[in-house]
Amino acid sequence: MSSSGIHSSIGDSAWPVEEPASPQPRAAKPTAVSSDETVGSDPHEALFEGLTEPQAEAVAHTDGPLLIIAAAGSGKTRTLTRRIARLIADGVPPWQIMALTFTNKAATEMRERALTLLDNVPWRSRGLTVTTFHALCARLLRRYGEVAQADGHPLPVSGDFTIFNSNDQVALVKRVIVGADLSTTNWPPRSVLSAISAEKNKLMTAEKFAASAHDFYSRTIARLFTGYQEALHKANAVDFDDLLVMTASMLQQSAMVRAECQGRWRYLMIDEYQDTNHAQFVIASLLAGDETPERKPNITVVGDPDQAIYSWRGADIANILEFEENYPSARVITLGENFRSTEPILAVADTLIRKNTHRKHKDLFTSKPGGLPIQVHRCRDERHESELVIDWFRALAEGDPAAIGDDGKPERWRDMAVFYRTNALSRSIEDALRAEGIPYTVARGTAFYDREEVRNALAYLRVVANSADDVSLNRIVNVPPRGLGKTSLERLSAHAQQAGVPLYEVLGSTDTIAGVSARAAGAAKGFVQMAEDWTGSGSFLGASVSTSLAELVGRVVDDSGLRKMYQSQAAVAKTESEAERVDNLDELVNSAAAFEEDYDPDADPVTFVAPESGKASEAGASPAPPMLVLLRAYLERVALVADADAVDPSQGAVTLMTLHAAKGLEFGAAAIIGLEEGLLPHSRAAASPIETEEERRLCFVGMTRAMRHLLMTSASRRSQRGVSERTMASRFLEELGTAHVVRTDSTDFGYDPGSDDTPSHQLSAKDRSSALTEAKQLYPVGSKVRHPRFGVGTVEAIEGGASVRAKVKFRETGTKTLVLEYARLEPL
DNA sequence: GCTGAGTTTGTTTTT
DNA sequence: CAAACTCAGC
């Protein structure tokens, strides 16, 4: 595209670069990956530093569709980031570039790294869109809703819509089930929701689905689907699927919206493309535009089919496999070299993934040989498993040569992680870490916002932002108790239902409603008065309207009585979580303040205004957005946090997370626990070979997160819902092969009483005490020992646990706690 | 209308 | 084993 229509169109833009504003004739499109000259002669050489040739090629190749098939650990995000920086350095205005990532965390990182590459000049990334699909859609719906309406395609929601998370969805679908008189029959809300979600993902509407439903099951689902969508509509709310589906149909139907979006974003980049679903594919295609002989869309997608782990959520691997068919001019670049893991880890992961038959093989290779074998350990039970993992972590942290290798370096807590298939597995590890005093964080992004007190405060805010949100209103209208009991509320709700208006309107109306006491009616009006005061609308208190988001949140927490309620509860609190509730409310206020501070209108596609052509661009501050805009953006953010967003490496703590949340991250040392049949592969996936392959990919994703050390454990007994049961080791462990794998079995082989009346912890306790006695004889307190790394020291204590540990005082390094199993201590 | 004791129930993964 | 739910008594 040497005579780029795209580039000439921005030639006169006011983009303030030192380089000539008109696009300098780009170095001829590099045609061969092999040419050093191509790369070396580039005016922005620094942007290629540290990249391999295929990566440099991917970065330099700036025109037309580009597919990057990237192996695990090959630096795909880095490559994408460089490409963004490269485009900007070449004179493409940043507001014409959009990159979509999987989590907010990945987006933030990419934005910051791109900025670093651009020498940290803030205006250089002004207007650059780096976000997630869901956040983008929320912004597009708010921004282009009016345009779509003007174009004759009104959205089913207004601009102040609320985003319902899965808890809200469940609450809503429960109400629909009750409303449809199906509550006595067995229609579990979660499975109803997943059936509905699956249809929505296919861009199926409730009406179309109802028309095609013939059997009893689908007709019932159709009824609930219709009721659910109506309830969402009434609450002026959207769920996660709606965000995508509504955006897709808005772009499909409204040529005006399509034109505006295509005009604004000329470069589209999508990370983790193997995990996009159909709606996301449609959105991406419409944003990029079709390929024609005259026009090649600038769409770059990056992904790895071996890391596709979200098909249960509608992700369609065909999106990445058929990219070349959709864009015949697409260039394809494969990044196979792994920069993350040591050779053994990579080799074993490769052995595993080769067991998938529905797969195009891709060679994984590293140019950095060396590294320790991976460890596979069969434990007695989950307690033993936790202790084993922790002992391993300790040995790694202490720099024990047996654990880190002779030329290895100690690992920090923050470089260690535990992965598991289901969230329930985190408990035993957490307990053990807490007992050992090792700092840890569980990557559950929603955990904070899931607390009762925080959800209540947010429900108040959501009512402020959208008074039609009946789900939130019902949650807090009588919290703290203000005399609006169940019966009164039911009558008021029924009245609202009949009148076809939101509950909120009925609460504030002066009509008398049969069966509602004057006292209850007064309470209702009091509630509405309070909420009106917060927004300043329609009251003499309008002057007192909050000036900052944090102030608004603070007022809501105070005026609603939530703070008072939790304060009095804290006085008689029995549990820690009860005592912390007031603190969490304060924390919420802080989070609002932090959001407000970080809020960058230039990074928000809704509020960002591109500088006009021909005029010098002002890098000056944009006007502060109105409070409600800020509140909605805040609530939007809160609704869209991901589990992986909670991973904060600046904390010096071990990270615990599900295998799904681990995607895209890396750690020096990783332990994957619960490698048992029924858990990984999960029992729900066992019946289908396709799903079993996805479980295998999940295991592969977990393994390839590890840079230097990998431990995989299973427990021969595991307690689930209170009952301890025997397990079978995962087939994946067998499939790892024998090369680079060290296997250990701590279970009692040979005679097995096979009954449940010999709890395993008794056995292990016996083993432990004998090992402890033995160790105490070998290393009596006060005796001298030699450590291969720390030298000579004095034994201070021998301690029990899952494995025996010695406290040794060394001359140089001070007192260390060493796991004898690893430490290779030599008695002197 | 509100509270707490007792009972039932359900278990993948998440934007 | 918990969370969610029910229902009787204040």
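Numbers restart at 1 for each chain; the letters A, B, ... are given by sequence-line order, proteins then strands.
Between A:Glu452 and A:Arg455 there is no salt bridge, since no side-chain N of the basic residue sits under 4.0 Å from a carboxylate O of the acidic one. Salt bridge status for A:Arg139 with A:Glu636: present, with a side-chain N to carboxylate O gap under 4.0 Å. A salt bridge links A:Arg462 with A:Asp168: at least one charged nitrogen is closer than 4.0 Å to a carboxylate oxygen. Using a 4.0 Å cut-off between charged nitrogen and carboxylate oxygen, A:Glu199 and A:Lys202 count as a salt-bridge pair. Salt bridge A:Arg427/A:Glu382: absent, no basic N to carboxylate O contact under 4.0 Å. One finds a salt bridge joining A:Arg718 and A:Glu385 here, because a Lys/Arg side-chain nitrogen approaches an Asp/Glu carboxylate oxygen to under 4.0 Å.
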Query raised in the report: Given Watson-Crick or G-U pairs with both distances under 3.5 Å, what dot-bracket string fits DNA chain B, with | for other-strand pairs and [ ] for crossing?
Result: ||||||||||.....
Check nucleotides 3-8 of chain B for protein N or O atoms closer than 3.5 Å to its own N or O atoms and list the pairs.
none

Taking only N/O atoms, report every protein-nucleotides 5-10 of chain C pair under 3.5 Å with atom names and distance.
from, atom 1, to, atom 2, distance (Å)
C:dC5, OP1, A:Lys174, NZ, 2.6

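Place A:Arg482 and A:Gln169 on DNA chain B by their nearest nucleotides, and A:Arg482 ends up nearer the 5' end. Of the two residues contacting DNA chain B, namely A:Arg313 and A:Gln720, the nearest-nucleotide position lying further toward the 5' end is that of A:Gln720.
No engagement by A:Ser683 is indicated, since no non-hydrogen atom pair under 4.0 Å with the nucleic acid exists. Nucleic acid contact for A:Ser488: sugar-phosphate only, since backbone atoms but no base atoms lie under 4.0 Å from a heavy atom of the residue. Residue A:Tyr310 is in sugar-phosphate contact alone, with no base atom involved, counting any heavy-atom pair closer than 4.0 Å across all strands shown. Counting any heavy atom pair closer than 4.0 Å across all strands shown, A:Asn423 reaches sugar-phosphate atoms only and no base atom. Residue A:Asn478 is in sugar-phosphate contact alone, with no base atom involved, counting any heavy-atom pair closer than 4.0 Å across all strands shown.
Both cation-pi conditions hold for A:Arg142 and A:Phe161: the charged atom is under 6.0 angstrom from the six-membered ring centre and inside a 45 degree cone around its axis.
When side chains are defined from C-beta on, A:Cys699 counts as touching A:Leu680, because their heavy atoms get closer than 4.5 Å. A:Phe527 is listed as a side-chain neighbour of A:Leu473, based on a closest heavy-atom distance under 4.5 Å.
A gap of 14 Å separates the P atoms of B:dT13 and C:dA4, to the nearest Å.
Here the side chain of A:His660 pairs a donor or acceptor atom with the backbone of A:Ile309 at under 3.5 angstrom.
OP1 and OP2 of B:dT14 both lie 4.0 Å or more from every side-chain N or O belonging to A:Arg444. The shortest distance between the side-chain N/O atoms of A:Ser166 and the OP1/OP2 oxygens of B:dT15 is not below 4.0 Å. Within the 4.0 Å cut-off from OP1 or OP2 of B:dT12, not a single side-chain nitrogen or oxygen of A:Thr658 is found.
Annotation: A:Tyr310 is in aromatic contact with A:Phe102 [ring centroid separation under 6.0 Å].
In this structure, the aromatic ring of A:His134 is not positioned over the six-membered ring of the base of B:dT15 within 5.5 Å between centres and 30° between planes.
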